[in-house]
Protein chains: 2
Amino acid sequence: MDAIDQKILRELRRDGRISNVALAERVSLSPSACLRRVQELERTGVIRGYRVVTSPEQMGRGFAAYVMVGLSSHTKSAQEGFERAMSVAPEVVECHNVAGAFEYLLRVESADLSEYKRFHTEVLGTQSHVHAITSYIVMGSPKDERAT
Amino acid sequence: MDAIDQKILRELRRDGRISNVALAERVSLSPSACLRRVQELERTGVIRGYRVVTSPEQMGRGFAAYVMVGLSSHTKSAQEGFERAMSVAPEVVECHNVAGAFEYLLRVESADLSEYKRFHTEVLGTQSHVHAITSYIVMGSPKDERAT
DNA sequence: GGTGAAACGTAGGCCGT
DNA sequence: ACGGCCTACGTTTCACC
């Protein structure tokens, strides 16, 4: 992976649907040479795929919170049960297993605070082994490279 | 936004570079009708853009941590100074302003723990008004819809 | 929402360096 | 091993029904 590959990735991060000819021009390469590089990045797994980015507000996900969850049981089955519940909950967009004072850090997205409250009581509150729940409501994101 | 639009977005989330003809077939529409819908979603801002997804490991970002930061000063200038520092730090991929026991929640990505330690001491440690730093190292992410 | 046709882009073989 | 050229084929896009 040289400087040209980095440049290609930078452009594809800006616009993942740029045509190969336009991309080639931006990185000062012929279309065929550019395409071969992109295909090699895809083949070796550096490029995992491409996806659309949608507006959270217009998708009914204008409200976001980070939630720290502590479990009372540290057994494999307790963890698997919790992770399964999170994977089927549509509001949970991220579930990270972290090392520290609690076990899980979630990112939860919903339409508004009242919908979040519903998730909090009806989904998290009904989970067994959930020992502690602490919510941090996102008031703003001065930087968010994953969503841009 | 009807059911077909939802279906279009679902497919574009799976593969943001799918050709319009293939997308049209998947949502049972003619290519032109499908294209008009996609263009309308782009025009109204539901679709913000498209981007490539890269492998964190191969990009030298196999290590991730969430960092809670408390500031000792809650003035506008103290916040702006901190946010500016985060926006220029390449390791910081997310910086959220949250409501709770601390002010900021960061997602930091680096090659490994030693590189993270360098960030911790040389970037966070040198910031004025930073009062408390608590790191949560990500051991795994059973769900991560933002990155997939 | 569908059809058709022109403009455009993709992708792979081939050759030179 | 890598870049540029050429070309057949597929896709995008738009006026029109």
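By convention in this document, chain letters (A, B, ...) are assigned in the order of the sequence lines, proteins followed by strands, and residues within each chain are numbered from 1.
Between A:Glu91 and A:Glu109, the closest side-chain pair of non-hydrogen atoms is not below 4.5 Å. Two residues are said to be in side-chain contact when any heavy atoms from C-beta on lie closer than 4.5 Å; A:Val130 and A:Val69 meet this criterion.
B:Tyr104 is linked by a ring-ring contact (aromatic ring centres under 6.0 Å, His included) to B:Phe82, counting only residues two or more places apart in sequence or in another chain. Every residue was checked against the ring-ring contact (aromatic ring centres under 6.0 Å, His included) condition with B:Phe119, not counting sequence neighbours, and none meets it. When the side-chain contact (heavy atoms from CB on, under 4.5 Å) test is applied to A:Arg13, the partners found at least two apart in sequence or on another chain are A:Leu9, B:Val52, B:Thr54, B:Met59.
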From CA spacing to verdict: side chain to side chain contact (heavy atoms under 4.5 Å, CB included), A:Val27, A:Cys34: CA-CA 8 Å; A:Val27 302; A:Cys34 182; 4.3 Å; yes
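First and last contacts of DNA chain D with chain B, using any nucleotide atom under 4.0 Å from a protein heavy atom and ordered 5' to 3', fall at D:dT11 to D:dC14.
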Contact pattern, 5' to 3', of nucleotides 9-15 of chain C - B, S or - by protein heavy atom under 4.0 Å: SBBB---
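Evaluation of the ring pair (Phe, Tyr, Trp, His ring centres under 6.0 Å) test over residues 123-148 of chain A, restricted to residues two or more places apart or in two chains, returns A:Tyr136-B:Phe102.
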